[in-house]
Structures are given as C-alpha cells and as structure tokens.
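Just dropping this structure here.
Chain identifiers are assigned alphabetically (A, B, ...) following the order of the sequence lines, protein sequences preceding nucleic acid strands; residue numbering begins at 1 within each chain. Small disclaimer: the values here were computed from a predicted structure and weren't measured.
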2 protein chains.
Amino acid sequence: MSFLYSKSSEYIIRALVYLSNIDKEEYIMIKSISEHTNIPHPFLSKIFQKLAAKKWIISKKGKRGGVKLIADSSKLTLMDIIEWSDGVKDFSQCIFGDRECGDIIPKHDNSVWYPEKQSNCILYDKCNRFKAAIIDFFSNTTISEFKEHNSLFRQ
Amino acid sequence: MSFLYSKSSEYIIRALVYLSNIDKEEYIMIKSISEHTNIPHPFLSKIFQKLAAKKWIISKKGKRGGVKLIADSSKLTLMDIIEWSDGVKDFSQCIFGDRECGDIIPKHDNSVWYPEKQSNCILYDKCNRFKAAIIDFFSNTTISEFKEHNSLFRQ
DNA sequence: GAAATTTAGGATAAAAAAGTCCTCATAAAA
DNA sequence: TTTTATGAGGACTTTTTTATCCTAAATTTC
Ligand code: SF4
Ligand code: SF4
C-alpha cells in the first residue's frame, strides 16, 4: 500500500510509531526495532542516523545504547515526515502533468485545507477535493494517534 | 505531484487524454504527442507498444501512420490505467505496514467504496475515509472527463 | 518498384531507490 | 583496564524505474 510515499517514509512512520509506544526513559536498540517493525536492520540504521541529525530522536552508542524519541509525537505529523523524507510536494501543480493547476497555496498547518483561488480547469473541483483529502489526512494525523496501536507490529 | 502513481502511469494518462481530444479518424504521430504532452519520445513509443497490445489504442506504421484511441474513453478510468501500469493496489493492506488492515474487499466498480467490515484498529475510520477518497477519485474519473481540457498540454 | 516516413522490438544505458557491509568510535559492564 | 555491545559513517551492491538507441518491418507517396 505504499504508493503514497517512499518505502523510506513508510519505515520512518512505522519506526517512530513503534518508538512512541515505548517508555521514554529507555533507549531501544535499532536491531530490536527492526525486528518488531519488519524493517531491514542496516537500512533502518541509516534512517536513524538521519533522524538523529534531524533531532527527532537521540541515540546512544555502546552497551545499553539505542535510540529514543525526543520529538513531541503529538505534534509530529505524517506530512512532516513524508515531506522531510521524500521532499515537499507541491499541491498547486497538476496531478497529471508538469504544469500549474492554479493559484493555489496549500495551507497544511493542521487545519483542513481549502484552495484559495479556483483555476478554470474542468476538473478543478474534483481534483481539489481529492488533494484536500490527501493534505488533510497527512497533515492531521500525528504519530501520537497510534499510541497503544501495537497491532501494527510483531509481538 | 506524481507520488500517487508511477511516471509511466502519469504519462499514459496524459497521452490518452491528449488522444481523446483528437478527431477519432486521424492517426496521430507519437512524436507529435510527445511534443504536446512533454513526454520523452522514445519512452512514449514503448508505452504505446504496450497500449496497443492492451488494445486501448491501435497503431499504424509508415507514412501518415501513428496511433489512435479505440478504447471507450468514457469507460476508461484512472484506476484502470494505474492498476494496469503499476499493478493492483491492495487497499485491505495497512497504509503504513506490511500487514492486513481488516477484512476489507474494496469494490471499485465505479461506485463509491465503503468497507465491508471494520477492523479493530484505532485509526480505522480515519484511514478508511482516506482510502475511500483515493479509490473514489481514481475509479470515478474517466479519460473522457478531460474532454476539451487542453490546458493540460502545450499548444 | 523506390523513396520516405513512421511504428515495432530488442538491447542497452542512466538514474533513483532500496538494501548491505565493513570498520571506527563510544559507552557500559566485568 | 579489558571486554562486549551498540550506533556512526562511508563505500558498495542490487533492484527498479526511467530513458535512449539502433535496426527491421510496414505503409504511403512518388
Ligand atoms: S484541476 Fe486537476 S486536471 Fe485540472 S490542472 Fe488541476 S490537477 Fe490538473
Ligand atoms: S486503520 Fe490505518 S493504521 Fe490501522 S491497520 Fe488499517 S491502515 Fe493501518
């Protein structure tokens, strides 16, 4: 089902949701996370290097080391993660082409999004309801909403 | 904006929309289509080979040759194209993971889609509204809806 | 029939995404 | 202080996607 974002983004989401369900005092081994979330260990290590640079997690080397979530999971949205990992998506562009759709500046500040100005394309309303649904879902779903949602992971 | 399907699918959609706006009696050169739709010519040629095998278009070699849409553009949906080009997406799978979301069999027979049975995941309602929006848009948008929609293309 | 044009088809290349491996640095525990 | 565990970081490999090239076949026009 990951045709909405890269495999990397999907992994980040899974890993961070997993971390957010863990006691914040503990450091969790990447190896353990990779096993529970079914993400290849070397690949996940790379991801955590970048997540640490981004300061969404901190890591500790050596015995009893691992990683720990420090970002506020109730403020961390899927949009934050996907845009950071895959790049910012320009919703003012046409879904099907390499051209502008209209004078649209998406606002995804955690509020439902509506276009500011309509273009004169036949499909404008239909496309924008669709775009709005995507922006709404991604920018209004936070990592903390998955709390206790262990069914995502292997036990 | 093409993070919903592959570049190939985007190209196919653009090319077929372009063709559907053309007098059905004419054969159109792939070179001309590639220029108007801004798709690399050799790549588009490959695409049309497969489209011809799929019988959505027919082609003619030689002088005054080219391609012509024969599929019924009012029945040809974005879902048809994307699933054929990128592979069938299983909407019963979790958006974020490699597991089932629930006993969901999506029906995208051009009717709005609703889940048959709820899983017990916390995010179920939210995710399924989102999935439904995607399935709805893709399976209820046809190539013919872009008729006269020349703003997609170079003049 | 010859010349010109246009798609078909196979081979190949380039770029991007996904995944792996090895060594080093660091920290805890023995 | 030594041993052991664990992430950091760089180089590398594989796979998938996107894109190109070349020759053959077909069709029209001359
Ligand atoms: S309305 Fe839809 S089809 Fe028209 S330009 Fe915007 S995104 Fe493209
Ligand atoms: S409801 Fe959403 S998060 Fe839960 S299993 Fe289904 S797709 Fe995954």
Side-chain angles (χ1 to χ4, degrees), chain A residues 2-15 19 22 25-70 82 84-87 97-98, chain B residues 2-15 19 22 25-70 81-82 84-87 89 97-98:
Chain A
S2 99
F3 62 101
L4 295 157
Y5 31 76
S6 66
K7 209 86 181 163
S8 281
S9 289
E10 183 192 306
Y11 287 165
I12 296 170
I13 292 167
R14 281 231 294 289
L19 271 185
I22 302 279
E25 295 314 304
E26 292 178 46
Y27 282 89
I28 311 296
M29 277 196 293
I30 295 175
K31 186 87 186 92
S32 157
I33 300 171
S34 88
E35 279 159 7
H36 284 90
T37 56
N38 205 25
I39 300 169
H41 176 239
F43 199 82
L44 188 57
S45 292
K46 284 291 169 222
I47 285 173
F48 272 113
Q49 281 181 30
K50 291 176 196 152
L51 287 174
K54 179 68 179 172
K55 296 208 166 60
W56 280 341
I57 60 118
I58 53 174
S59 63
K60 196 170 79 169
K61 290 182 183 176
K63 247 182 181 169
R64 308 200 40 164
V67 296
K68 187 199 287 190
L69 184 66
I70 53 170
I82 294 165
W84 173 70
S85 167
D86 294 347
D98 52 351
Chain B
S2 99
F3 61 100
L4 296 156
Y5 30 77
S6 67
K7 206 89 181 162
S8 280
S9 289
E10 183 192 306
Y11 287 165
I12 295 170
I13 292 166
R14 282 231 294 288
L19 270 185
I22 301 279
E25 296 314 305
E26 292 178 47
Y27 282 89
I28 312 297
M29 275 196 295
I30 294 174
K31 186 88 186 94
S32 158
I33 301 171
S34 89
E35 279 160 6
H36 284 91
T37 56
N38 204 27
I39 299 170
H41 177 239
F43 198 81
L44 188 59
S45 292
K46 284 290 169 221
I47 285 172
F48 272 113
Q49 282 181 28
K50 291 176 195 153
L51 287 175
K54 178 70 179 173
K55 295 208 167 59
W56 280 342
I57 61 119
I58 52 174
S59 64
K60 196 170 80 170
K61 290 181 183 177
K63 250 182 180 169
R64 307 199 43 164
V67 296
K68 188 200 287 190
L69 183 66
I70 53 168
I81 294 169
I82 294 165
W84 173 72
S85 167
D86 295 347
K89 297 171 198 319
D98 53 351

Candidate nucleotides dG19(C), dA8(C), dG9(D), ranked by approach to the side chain of Lys7(A) - the nearest: dG19(C)
Start with the C-alpha gap between Val67(A) and Ile58(A), add the side-chain angles, then the distance that decides, and say whether side-chain contact (heavy atoms from CB on, under 4.5 Å) holds. CA-CA 6 Å; Val67(A) 296; Ile58(A) 53 174; over 6 Å; no
Side chain to side chain, Tyr5(B) and Glu10(B), heavy atoms closer than 4.5 Å: yes
Could you check Lys63(A) against Ile57(A) and say which one's nearest nucleotide on DNA chain D is further toward the 5' end? Lys63(A)
Of dG9(D), dT20(D), dT6(C), the nucleotide closest to the side chain of Lys46(B) is dT20(D)
By nearest nucleotide on DNA chain C, pick out whichever of Lys61(B) and Lys60(A) is the more 5' one. Lys61(B)
Report which part of the nucleic acid Pro40(A) touches: base, sugar-phosphate, or nothing (heavy-atom distance under 4.0 Å, all strands). sugar-phosphate
Distance in angstrom units between Glu10(B) CD and dT17(D) P, rounded: 16 Å
Picking from dC21(C), dT6(D), dG9(C), the nucleotide nearest the side-chain atoms of Pro42(A) would be dC21(C)
Taking OP1 and OP2 of dA29(C), is either one under 4.0 Å from a side-chain nitrogen or oxygen of Arg64(A)? yes
dA8(D) phosphate, OP1 or OP2, under 4.0 Å from Ser45(A) side-chain N/O: no
Looking only at dA18(C), dA19(D), dT20(C), the nucleotide nearest the Ser8(A) side chain is dA18(C)
Student check: side-chain heavy atoms of Tyr11(A) and Ile33(A) closer than 4.5 Å: no
Rounded to whole angstrom units, what separation is found between the CG atom of Leu51(A) and the C1' atom of dA8(D)? 14 Å
To the nearest Å, how far apart are Glu26(B) CD and dT27(D) P? 19 Å
Given dT7(C), dG19(C), dT28(D), the nucleotide with the shortest approach to the side chain of Met29(B): dT7(C)
For Phe43(B) and dA14(C), give me the distance from atom CZ to atom C1', rounded to whole Å. 13 Å
Can you find a side chain N or O atom of Tyr27(B) that sits less than 4.0 Å from OP1 or OP2 on dT7(C)? no
What is the distance from CD1 of Ile12(A) to P of dA18(C), rounded to the nearest Å? 11 Å
Whole angstroms only, please: what is the OH-P distance between Tyr5(B) and dT17(D)? 17 Å
Taking 4.0 Å as the cut-off, does a side-chain nitrogen or oxygen of Ser59(B) come that near to OP1 or OP2 on dA8(C)? yes
Output the rounded distance in Å from CZ (Phe3(A)) to P (dT17(D)). 15 Å
note: Leu44(B), atom CG; dA8(C), atom P; distance rounded to Å ~ 11 Å
Within a strict 4.5 Å, meaning less than it, do heavy atoms of the Ser6(A) and Phe3(B) side chains meet? no
One pair to check against side-chain contact (heavy atoms from CB on, under 4.5 Å): Trp84(B) and Ile12(B). What are the steps and the verdict? CA-CA 11 Å; Trp84(B) 173 72; Ile12(B) 295 170; 3.8 Å; yes
